[in-house]
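Notes for the one structure printed next.
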Amino acid sequence: MLNFAIRGLLKSMEYNFLDIEKRWQKFWKDNKTFAVKENANKQKYYVLDMFPYPSGAGLHVGHPLGYIASDIFARYKRLKGFNVLHPMGYDSFGLPTEQYAIETGIHPELATKENTERYRKQLDQLGFSFDWERQVQTSDPSYYKWTQWIFANLFDSYYCQRQDKAVPISHLVNCFSEQGNTDLNAYCDADTPRFTSEDWSNFSKHQKEDVLQKYRLAFLSDTWVNWCETLGTVLANDEVKDGVSERGGFPVEQRLMKQWSLRITAFAERLLAGLETIQWSDSIKEMQRNWIGKSEGVSLFFKTEKNDCEIEVFTTRPDTVFGVNFLVLAPEHDLVRALTVDNKKDEVKAYISSVKLKSERDRQVEKNITGVFIGSYAIHPFTKEKIQIWISDYVLAGYGTGAVMAVPCGDQRDWDFANHFDIEIINIFKDIDVSKEANEDKNVEITNSDFLNNLNAKEAIKEAIKKIETNGIGKRKVNYRLRDAVFSRQRYWGEPFPIYYQDDIPYTLAETEQVTLPKIDKYLPTSTGEPPLARANKNDWNIFKGDRMETNVMPGWAGSSWYFLRYMDPKNDNAFCSKEKSDYWNQVDLYIGGAEHAVGHLLYSRFWTKFLYDKGLISFDEPFKRLINQGMILGRSNFVYRINQTNTFVTFEKSTDYKTTKLYVDINIVDNDILDLNQFKQSKEEYKDAEFILNEDGNYKCGYETEKMSKSKYNIQTPDALVEKFGADTLRLYEMFLGPLEQFKPWDTKGINGVHNFLRKFWRLVHDSENKFFVSEEKPDANSLKTLHKTIKKIDEDIARYSFNTVVSTLMICINELSDQKCINKEIISDFTILLSPYAPHIAEEIWNKLGNETSISFAKFPVYNEMYLKEDDINYPVSFNGKMRFNIILSSESSKEEIEKAIMNYEKTAHYLQGKEPKKIIVVPKRIVNIVF
RNA sequence: GCGGGUAUGGCGGAAUUGGUAGACGCGCUAGACUUAGGAUCUAGUGCCGCAAGGCGUGGGGGUUCGACUCCCUUUACCCGCACCA
């Protein structure tokens, strides 16, 4: 017994990570080790993490993965002499907290405070080198003041297409009063009316503002939304399932609502082009390209038979224009009402309301072909023939012009539609059968098409556009799928708009005024369906101007679109960030975060950055130079198998012999897939009397599956328990050791002992049996120098390609070799400690300190690789026969090709592998390999 | 349907420009020290085979003296987008 106690004590004396880690975390905090200042003499490096939303659930082992990688990189860059900006903060506005407030009545601000404090504790225990002096929090009024400020700037700007940049709206007003808008090249809504300077001066202030709204980069517009009456809110597409809200199952309808939008579409081309200048993964760039969805074609006008209106269609295939024999409009199209003939009105009305009940997603899933002929006709611009006008939900109001020229022979959807409604299919393709399906192949000759006959698609497109433009019936046009970003949320926990209304005209508050979130009694919409902020009375607002304040709030991505700039100058009261500071810190050099933000956050921040650049407020127009998306860490869920209608659970091996139900079991009561039966019985009342059918070893073996970590799957691994058991250094190393940063990988704690042993092995190398630190002052021997420099070289190379997992193995190999060499040389150990420090900073500080250093290892000098130490006198050549490696032979590195050939031909084993044949060819790659072909 | 990615031992993974496939770690096997081991140390460990040898990077084909790596083709899985005119 006594023996046991002493052993336990000795073991804890060995490498006492708990004590070491606590001590150094305190040291860093007390000494503000990682607080950073601008320093013109030092080269800057900016390493950023996607800041977390502080949820109530806290961190699981997947969260810190990216933070560990970025921290390693930041620490590495510091050792390399860079002035490193490595901040952290919280994206603290958001729905879950608001939902929690609705349920409990607890103010989101309070819940947010608790959550951020817990996050901070969990982050601190992992030893990150964040500069917490620079923390930002999007829900903090001193932060969102500037989010509001940027919004107000967007409101006061329009996009000038001549200068190709955002310009103050006051310029536009000047143009209007001097020359109207007829000769203006400014980005605006398609339905903007043309007016002269005289018109402008005669406009009422409402009319003037209506016009300006068509140009402003932040503007009010009627937008189709998924409105849920019962919840009193607008829902995102994925919150709607089968026409009802996912939460609660309440009915949802399409409704036109006045909402703030941001004119991101004005930046579409630049957002596309900018992708060429940044180092992001191909998949993310491709997703953004997809999202922007550029297509080049022509917009073509079809006159209508009776009315004097024209229908504009967009097409990428003007070459097929002679195949057009009907038009299809989106049911929501503006002209539908005017073009519907009297005896079709009821049918059209019924169709439109049936479409309105379907969400956009439903419409996409729907495969039934529906539509209505609205009774009137358009005139084909070339053949002058009468063609029918239809409406159908396969045409989307939000894409292109909301109308298509139907070419049934050349477009499968048009073909299906024509086929379904028995409309004629005109064939314009030579020797192609279109009676079974449309021909979408462009490599065919066109016929039956007047001036386009005998051309292929490519030539015909060119010709068609030429003719369309000279005839004045249309224009070359670039179309984007990207839509303007809806910027209003009918919620409470978000940034209030710096907007008030007077006579229903929106005005921004003065720059000196900041509106903050008013206190309200409940976090729910009003009984009339107004957003929660409408509950605030006039004197609940810190500022109240005009007739009413804006009661929507901004969306979650508002604050995160520019936070990387605020870190540069987090306490500035006079600007969102001084130009001086943003000039110094400049772009984010390395940005690490999850791929789930591929298009949302990453596109919007690019947009805001370009806007701020246009305004001359920053001097770069792409925010994140290099982006890395860390892969998700998946959980490993365990299952038990209950035999149906019984309380008996059968072990995995025998589960197929019975009819069973597979149930999740908490991974905390399972060890190596073996279930702890007692704990299982205690875990739930219904399991109290559970019976078991065990396997041959007398154990209950659980099934397992690898899937996303979530509470409901009982497979959450928190870092806390692991830090306590193995220490933060071990956890950091282990998360990196799991595999490539960008890959998805299952979490499994089995291997964690391995990296823990590595740290202990290092500790034991420099401590004697009494756990006394000991290194030798002698000159290092050649072998150890070789080991060290091999390691330095590989680490430099690996970090340069963000291969963090291989660095861990390299460090392990280094310690294995130094241990074999019994190397406790002070110089070698010092350098190794520095190499290790970005990964395991606590143990590194401890050893560094014991080595006699008084300052933190964080600013030590990264050892420099010296080729000299790796020189080899002998090379161990692998010798292959017909490409198959047979044996190794040690030869001098100085040997010539001839000498190598000779040595090998004389080698005893060679004859055996030649099987009596003569070699045809001997390939010698110096210092690499020898291959004998026979 | 379109776009992007992945596939290597029992497991996580390594192999950077075509040059010894399986580094490193887990697990497993045997042994040592131990009253004990979920500690430590030593040796072994891709598969088949007693061996010689053969086979091996999802499948098939090709280029090459030599292919996990390059080309063609195919399968499975993951991610994103989609009646996009």
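In the text below, chain A, chain B and the rest are named by the order of the sequence lines, each starting its count at 1. Being a predicted model, the structure only gives us computed values, none of them experimental.
Picking from C81(B), G13(B), U16(B) the nucleotide with the shortest atom distance to the side chain of Arg481(A) gives C81(B). The side chain of Asn931(A) lies closest to G19(B), out of G19(B), U40(B), G5(B). You'll find that the side chain of Leu396(A) is closest to C83(B), out of C65(B), A14(B), C83(B). Side-chain proximity of Arg483(A) to C84(B), G12(B), U20(B): nearest is C84(B). Across A14(B), A85(B), G53(B), the shortest atom-to-atom separation from the side chain of Tyr913(A) is found for G53(B). Comparing C65(B), A85(B), C24(B) by their closest approach to the side chain of Ser809(A) singles out C24(B). Closest approach to the Val925(A) side chain among G12(B), A85(B), G19(B) is made by G19(B) (side chain taken as heavy atoms from C-beta onward). Distance from the side chain of Lys745(A) is smallest to G13(B) among G13(B), G66(B), A85(B). Out of G5(B), A23(B), A21(B), the shortest distance to the side chain of Asp282(A) is found at G5(B). Closest approach to the Pro878(A) side chain among U20(B), G53(B), A15(B) is made by U20(B) (side chain taken as heavy atoms from C-beta onward).
Between Glu872(A) and Lys927(A), no side-chain nitrogen of the basic residue sits less than 4.0 Å from a carboxylate oxygen of the acidic one, so the salt-bridge criterion is not met. Between Lys794(A) and Glu797(A) there is no salt bridge, since no side-chain nitrogen of the basic residue lies less than 4.0 Å from a carboxylate oxygen of the acidic one. Using a cut-off of 4.0 Å between Lys/Arg side-chain N and Asp/Glu carboxylate O, Glu296(A) and Arg476(A) are scored as not salt-bridged. Ion pairing of Glu276(A) with Arg289(A) is present here, as a side-chain N (NZ or NE/NH1/NH2) and a carboxylate O approach within less than 4.0 Å.
Lys285(A) comes within 4.0 angstrom of nothing in the nucleic acid, heavy atoms only. The residue Asp414(A) sits apart from the nucleic acid: no heavy atom pair falls under 4.0 Å. Within 4.0 Å (heavy atoms only), Asn805(A) reaches sugar-phosphate atoms of the nucleic acid but no base atom. Within 4.0 Å of Val933(A), counting heavy atoms only, lie sugar-phosphate atoms of the nucleic acid but no base atom. At a threshold of 4.0 angstrom between heavy atoms, the contacts of His912(A) are confined to the sugar-phosphate backbone, with no base atom among them. At a threshold of 4.0 angstrom between heavy atoms, the contacts of Glu286(A) are confined to the sugar-phosphate backbone, with no base atom among them. If you check every strand for non-hydrogen atoms under 4.0 Å, Gln412(A) touches nothing. At the heavy-atom level, Leu738(A) lies under 4.0 Å from the strands shown only through sugar-phosphate atoms. No contact: Asn753(A) has no heavy atom under 4.0 Å from any strand. Within 4.0 Å (heavy atoms only), Ser880(A) reaches no atom of the nucleic acid at all.
Look at the C1' atom in both U6(B) and C55(B): the space between them is 25 Å, to the nearest Å. Between A15(B) and A23(B), the two P atoms lie 13 Å apart (nearest whole Å). With C1' as the reference atom, U40(B) and C33(B) are 8 Å apart, rounded to whole Å. Atom C1' of A7(B) sits at a distance of 16 Å from the matching atom of G22(B), rounded to the whole Å. Comparing U29(B) with C72(B), their P atoms are spaced 46 Å from each other, to the whole Å. Taking atom P on both C84(B) and C2(B), the two are 13 Å apart, rounded to the nearest angstrom. Comparing the P positions of G61(B) and C68(B) gives a spacing of 15 Å, expressed to the nearest Å. Using atom P as the reference point in both C48(B) and C11(B), the two lie 14 Å apart (nearest Å).
Proximity of a side-chain donor or acceptor of Asp729(A) to a complementary backbone N or O of Tyr839(A) within less than 3.5 Å is not detected. Side chain of Ser895(A) to backbone of Leu891(A): no donor-acceptor contact under 3.5 angstrom is found.
Between the P atom of C24(B) and the CZ atom of Phe737(A) lies a distance of 10 Å, rounded to the nearest Å. Here G13(B) presents its C1' atom at 17 Å from CZ of Phe804(A), a figure rounded to the nearest Å. The nearest whole Å value for the distance from the CH2 atom in Trp280(A) to the P atom in G4(B) is 18 Å. Spacing between atom CZ of Phe726(A) and atom P of C26(B) amounts to 12 Å, rounded to whole angstrom units. For the pair Leu733(A) CG and C26(B) P, the interatomic distance rounds to 13 Å; values are reported in whole Å. As rounded to whole Å, 15 Å separates atom C1' of G66(B) from atom CD1 of Ile922(A). Atom CZ in Arg928(A) sits roughly 6 Å away from atom C1' in G19(B) (whole-Å rounding). When the P atom of G25(B) is taken as reference, atom NZ of Lys750(A) falls 17 Å away, rounded to whole Å.
A glycosidic torsion no more than 90° from 0 defines the syn conformation, and G9(B) adopts it.
Put simply, the side chain of Lys794(A) and the base of U16(B) share a donor and an acceptor less than 3.5 Å apart. Counting distance only, with no hydrogens placed and no angle test, the side-chain atoms of Asn290(A) and the base atoms of C81(B) include no donor-acceptor pair under 3.5 Å.
For A51(B), there is no paired base (Watson-Crick or G-U wobble, both distances below 3.5 Å). Judged by Watson-Crick or G-U wobble contacts below 3.5 Å, the nucleotide G56(B) has no partner. If you check A43(B) for Watson-Crick or wobble pairing at under 3.5 angstrom, you find it paired to U29(B). In this structure G1(B) sits in a base pair with C81(B), meeting the Watson-Crick or G-U test at under 3.5 Å.
Under the 30°/60° scheme for interplanar angles, the aromatic rings of Tyr913(A) and Phe887(A) are found to be tilted.
Closest heavy-atom contact between Met736(A) and Ala69(A): CE-N, 3.8 Å. Minimum interatomic distance between Val434(A) and Cys409(A) (heavy atoms only, all atoms of both residues): CG1-O, 3.8 Å.
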